[in-house]
Structures are given as C-alpha cells and as structure tokens.
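The structure under discussion appears below in the form of structure tokens.
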Amino acid sequence: MTETEDDGAELYLTLLCWIGLGIATLDAFLQPLPVGLVWAALGAAYLTGGLPPLRTALAELWHDHRLDIDLLMVVAALAAAAVGAALEGAVLLALFSLSQSLEHRAMGKARRAVEALMQLRPETALREGPEGVIEVPVADLVPGDRVILRPGARVPVDGRVVLGSGHLDESTVTGESAPVRKEPGAHVHEATVNLDGILTVEVVRGLATSTVAQMIRLVTEAQAMKSPSERFSDWFGQRYTVAVLVGSVLSWFGFRYVGWPPGEALYRSATLLVAASPCAVVISVPAAILSALSAAARGGVLFKGGAALEGLADVKVFAFDKTGTLTTGLAGVTGITVLSGSEADFLARVAGLEAQSEHPIAEAIRREAAERGVVPVPVSDMRAYPSEGITGRDAEGEIWAGNARMLDRMGAAMPAALAGMADGAETLVLLGRGPKVEGAITVADEPRETAHAALAELRAAGAGLLMMTGDRRAVAARIGARLGLEPGEIHAGLLPGDKVTLVDTAARQGRVAFIGDGVNDAAALARADVGVAMGVAGSEVALQAADVALMAEDLRKLAAARRLARRTAAIIRQNLVLALGAMACLVVGSIFFALPMPLAVVGHEGGTLLVVLNGLRLLADPIRAR
Ligand code: ADP
Ligand code: MG
C-alpha cells in the first residue's frame with residue numbers, strides 16, 4: 001500500500017472508531033439504546049481502534065523483538081473492558097487512533113511535499129541539436145545538451161541559461177513566490193516554471209543528481225538522523241513500556257495486599273496501566289520535529305534530520321565562506337589586462353579553462369565571454385585546485401588560471417605591469433602558461449543583498465560571526481566592512497584545511513555552524529557542528545557534506561531557520577515537561593488516590609493530544625525571511 005492510501009485508511013478507521021464511540025456514549029448519557037446496538041457500536045470501536053495498533057505492536061514484537069506502546073494501549077483497553085469499563089476502553093482507543101493519525105499526517109507531509117515535485121517534472125524536453133529542435137524524453141538528456149524552454153512550461157532539467165532571458169517562478173524549489181529574473185549564466189532548476197521569455201538552457205545535471213532528486217534524498221535521510229531528544233523519547237518508549245506492563249501486573253498484588261477485593265484491584269491496575277503509559281512522552285518529540293522539518297522544507301530549507309534542527313538551535317558562532325555565500329561572486333568582470341596578444345584571445349583561453357568549473361568566479365568569466373561574443377577555446381584535462389585556481393591543456397600546452405598561490409605553484413612571478421591590479425581590493429585571476437603570466441582579470445565581488453540583514457539579525461540574537469575566505473585580505477576587508485563585520489572577525493587567504501582549523505578554534509566558544517557553497521568548503525561543512533550549504537546550484541560535494549541546505553540563495557533564510565529551530569527546541573521542552581508531569585500526576589493519583597479510570601483515560605489521552613497539537617503548531621507558518 002502506498003503512503004497516501006495508508007493514511008486514508010487510517011483516517012477512515014479513526015472515523016469509524018469515533019462513530020462507534022459516539023453511539024455508545026449516547027446510550028450511556030443521553031438516550032438508552034437497544035443493547036444489541038450498543039454492543040455492536042462498542043465492538044466496532046474496539047475493532048477499528050484496536051486492530052491497527054495491535055497490528056503495529058505485533059509486527060514490532062515479531063521483527064524487532066520490541067514492546068511497543070501500541071501494545072500497552074490495546075492491553076489497557078482490553079483490561080478496561082474486562083473490569084466492566086468498556087466505554088472508557090473505547091474512549092482510550094478512539095483518542096489514541098486520533099493522535100496517531102495526526103502524527104502520521106505530520107510525518108507524511110514533508111515527504112509528500114517533495115515527492116509532489118516529481119510529478120511536476122515534464123516527461124519530455126525540446127532538445128536543440130544538429131537535426132534541429134526535437135522532443136526527447138527527459139531521461140535521455142545528458143550534461144552539455146541544449147534544451148529550449150518555452151513560456152509557461154516547466155523546466156525539465158537543472159541547467160544554465162546560455163541564450164535569452166526571462167522570469168522563472170521557483171517557488172516549488174525555494175519556497176519564494178516572487179519571480180526570479182534569469183539571464184545568460186544563471187542556473188535554472190528542474191520543476192520550476194518559465195513564466196515568460198524563451199530560454200536556451202545547457203543541461204548541467206542528469207536526472208539522478210537533479211535538484212529534485214537531491215531534495216528527495218535529503219528528506220529521506222532526514223528520517224534516519226535522529227536528534228538527542230528524539231533518541232531520548234525512543235529509548236523511553238521502549239524501556240518504559242516493559243516497566244509499565246510488569247509494574248501494572250505487580251500492582252495488582254500490591255492492591256490485593258492493602259486489602260482491595262480482586263475485581264477492584266484489577267480495575268485499579270488497569271487504571272494504573274493507562275495512567276502510566278508513555279504515549280505523550282513518545283509522541284512529544286517527533287510531533288514537534290517532524291512539523292518543523294516540514295515547515296522548513298516548504299520554506300526552502302532542508303534539514304538532514306532532527307539532529308541538524310536541534311543543533312542549529314544552540315549554535316554560538318556562525319562562520320561564513322565569502323565567495324558564493326556572503327557574496328554572489330557574479331558581479332562581473334571589471335578589468336582585463338593582457339601582457340601580449342589580443343584581449344579576445346586571452347578571454348577565450350580563460351573562459352575555455354573555466355568552462356567546467358562551478359566556482360562563481362568561473363561563472364562570471366564565462367558570462368563576460370558570452371556577452372562579448374567570445375567563443376571559448378577547447379581546453380582538456382581540467383583540474384581544479386580549491387582556493388587556488390584551475391589548470392588545463394589547450395592546443396599549445398598546459399595553461400593555468402588562479403590567484404597568487406597558483407602563481408607560486410607554477411613557479412611564476414608577478415609581472416610588474418600587473419602589480420597595481422594585484423594590490424587592489426578586487427578579486428584577481430591570473431592566467432599563465434608555465435612560469436609565464438599572460439594577463440589578469442579582476443572580478444568585482446559584491447555582497448548579496450540579503451547578507452547584511454541576515455548577519456545583523458544573527459548578531460542581534462547574540463551569536464558570534466566569522467568570515468572565512470580563500471580570497472585576498474584586501475578583498476575580504478572591503479566586503480567585510482560593507483557587511484558590518486569587525487576586522488577581527490575576518491580571516492583571509494585560507495586553504496580548505498585552514499577553514500577546518502578555524503572551525504575547531506571557534507568551537508571553543510560553543511557550537512559552530514559553517515555556511516559555505518563550494519568544493520573548498522566541504523571539509524569545514526563536515527567538521528562544523530552544523531554545516532549549511534548555500535543554494536542547490538552550489539557544489540554537490542558541499543551539499544553532501546552539509547546538514548542543512550538553503551535552497552534559495554537567501555541568507556535571511558538561515559536566520560529564519562535558526563528561529564524555527566529555537567521555537568522547536570522550546571516546544572520540545574514544553575512537551576516533555578507536560579508529558580512527564582501529566583504522567584507523574586496520573587500515576588500518583590491512580591496508586592494513592594483511587595483515580596477513576598475515565599479520568600485516567602482523559603488525562604492520558606488529553607496529554608497526548610495536547611503535545612501533538614503543540615507540535616503541529618510549528619507546521620502553521622513556513623520559514624520566511626524577515
Ligand atoms: P571563498 O573561500 O571566499 O569561497 P575560494 O576559496 O573559493 O573563496 O577561492 C579563493 C580564491 O581562489 C579566489 O579568490 C580565486 O582567486 C582563486 N580561485 C579559486 N577557484 C578558481 C577558479 N576556478 N578560477 C580562478 N581562480 C580561482
Ligand atoms: Mg565559496
């Protein structure tokens with residue numbers, strides 16, 4: 001059975017259970033009904049409310065050799081029926097199945113939201129090739145193919161715009177409803193909608209590694225990575241279930257010992273069983289976490305599980321990568337200095353070298369070439385050196401592009417003619433062949449519009465901030481100042497390993513989150529307590545290493561995600577206090593104060609419903625940037 005059918009059946013059974021209960025209640029309180037009808041109604045309530053948990057409990061016992069709270073509920077209801085409190089037993093089952101349905105709804109919601117995206121993907125695409133534009137199955141597309149997007153059509157693949165411009169509705173992927181303008185060089189995501197304009201897009205990723213495929217994997221993995229509180233409630237559920245079963249049996253002897261007649265003692269033991277069942281404790285944590293994960297997913301923030309969510313709640317230091325994270329890296333090429341030959345030939349070589357690179361600088365250079373109508377030269381054997389640059393081979397031999405570190409690696413010296421450029425506060429890319437430098441390109445790196453507000457919000461909330469970059473100090477200082485960072489918070493000229501060391505140093509102040517986008521950030525993302533990957537267009541390695549992914553390239557979503565994480569943590573605390581407190585009161589009441597079974601049932605299930613509803617509150621508002 002599929003998830004949806006299963007949920008449907010569950011709701012249906014819950015409804016039947018409540019109808020049965022309703023008829024039985026009518027008889028008890030308002031209007032005497034024929035005895036046969038009442039028994040049939042109660043029987044129906046027991047079957048519809050009791051069989052599903054019994055099935056779950058037996059499956060659990062059979063496969064994992066574990067006692068489940070579902071079993072407690074069934075035993076408690078049967079015990080109630082046995083001591084002549086059949087109506088109370090039915091109330092117990094009805095409330096239990098209601099809270100289960102609610103919980104499953106919350107769980108399924110996040111996954112279904114993402115799976116729905118699958119259906120949004122068109123089956124075919126218009127591929128442009130030597131034989132003209134033909135319609136082909138999306139599965140046949142490979143990176144490098146060119147497809148045509150017509151207005152109103154869904155985007156079939158992840159790609160990069162090479163021709164044309166227009167607006168896309170990306171809300172399915174990023175949760176943001178405002179249309180996004182796309183020009184040559186910009187990324188487009190599968191399952192978003194082309195609102196206007198005709199675009200030619202080059203396929204970047206095949207089906208298996210597409211945006212939607214990644215999202216589905218993230219959400220599926222989410223179920224596996226449990227947070228400490230989730231593990232607590234799981235552990236509690238299992239251990240405690242056994243204790244409650246054994247304890248209730250022993251309590252019968254206890255009640256007999258202090259003088260209660262056998263039937264009365266059984267009634268009180270059954271009451272204790274209901275009172276002590278840890279349903280509320282077991283549900284309190286997942287109800288909150290799953291609701292929060294689902295709300296986050298709808299807002300374009302994917303958490304790899306409750307652990308990442310709870311981790312983000314107490315982060316003390318947020319460390320940011322610069323290029324591609326705090327900045328777009330796409331502000332464009334501002335200057336080209338060529339030492340010999342023409343500017344166009346020079347740009348053609350750099351663009352050829354950067355053809356496959358996913359670094360934001362590479363994207364800026366490719367765009368500049370495209371705008372000038374410069375055709376990149378074919379370059380083979382490309383090899384990226386994170387935080388340094390890239391090497392490759394053209395018709396004449398090996399060439400390289402990168403920063404001063406790459407210059408050193410190649411045994412080249414900075415030509416005097418470039419010295420002025422190299423001292424500026426803009427990102428510099430040198431191009432050379434062996435030890436000979438051929439020229440340089442400056443790329444203006446500009447802060448993202450949302451970065452300043454996001455950093456300010458985090459700082460106001462008392463978090464520490466850091467900027468870590470492989471770029472030069474002068475560039476870092478200029479960007480940092482514009483973002484309101486203190487000089488002491490800026491670290492420049494770093495290699496990937498240095499970022500890891502700095503994360504470790506920051507960890508002395510408390511939990512560290514690292515936010516990055518590139519290949520050079522993967523190690524730091526993995527090392528930080530919480531790794532946050534920026535944008536699905538970013539590097540796949542980064543996405544793999546991260547615990548959280550911001551689908552939209554909007555840093556305010558990070559601040560919003562932190563708020564959500566903290567609200568979730570608060571709700572989990574409330575839920576645990578409420579659940580444990582209610583349980584303690586009911587247990588004490590049923591042992592020492594002859595608590596009547598109806599009160600135990602209402603107290604127990606009322607508490608369970610309350611924590612589920614308290615958790616579901618998180619579902620109400622998706623993450624939004626402030
Ligand atoms: P950040 O840490 O800020 O994201 P990176 O470590 O990615 O920056 O890059 C640092 C520097 O390395 C860049 O400023 C650039 O000079 C050089 N670099 C990295 N990748 C490339 C590339 N593909 N082409 C040219 N230069 C590059
Ligand atoms: Mg980067």
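Ligands are counted one by one from 1 in listed order, and the atoms in each one are counted from 1 as well. For the single chain, residues carry numbers from 1 onward in sequence order.
- In this structure, a donor-acceptor pair under 3.5 Å is absent between the side chains of E128 and T200.
- Remark: minimum distance from atom 11 (C) of ligand 1 to any protein heavy atom is reached at N403 ND2, 3.4 Å.
- For residue T469, no N/O/S atom approaches the Mg ion (ligand 2) to within less than 2.8 Å.
- Backbone and side-chain nitrogen or oxygen atoms of T323 are examined, and one is located within less than 3.5 angstrom of a nitrogen or oxygen of ligand 1.
- At least one donor-acceptor pair under 3.5 Å links the side chain of D196 to the backbone N or O of H167.
- Distances from ligand 1 to the non-hydrogen atoms of I365 include no value under 4.0 Å.
- Ranking the protein heavy atoms by distance from atom 7 (O) of ligand 1 puts H359 NE2, 2.6 Å first.
- Residue D471 touches ligand 1 through backbone and side chain together, judged by heavy-atom distances below 4.0 Å.
- The distance criterion of under 3.5 Å between nitrogen or oxygen atoms is not met by T427 with respect to ligand 1.
- Inclusion of D517 in the set of residues having an N or O under 3.5 Å from an N or O of ligand 1 is not warranted.
- In this structure a side-chain-to-backbone donor-acceptor pair under 3.5 Å is missing from D408 to R405.
- Proximity of G402 to ligand 1 is established by a heavy-atom distance of less than 4.0 Å.
- The Mg ion (ligand 2) is closest to atom OD2 of D321 (considering only N, O or S atoms).
- Just one of T427, T327, N403 meets the side-chain hydrogen bond (donor to acceptor under 3.5 Å, both in side chains) condition when paired with D471; it is T427.
- Put simply, no part of A362 is less than 4.0 Å from ligand 1, judged by heavy atoms.
- Among all protein heavy atoms, the one lying closest to atom 13 (C) of ligand 1 is I361 CD1, 3.6 Å.
- No donor-acceptor pair closer than 3.5 Å links the side chain of R205 to the backbone N or O of D158.
- Of the listed options E363, E354, M467, K499, E354 places a heavy atom closest to atom 24 (N) of ligand 1.
- The nearest N/O/S atom of D517 to the Mg ion (ligand 2) is OD1.
- For atom 21 (C) of ligand 1, the closest non-hydrogen atom of the protein is G389 CA, 3.6 Å.
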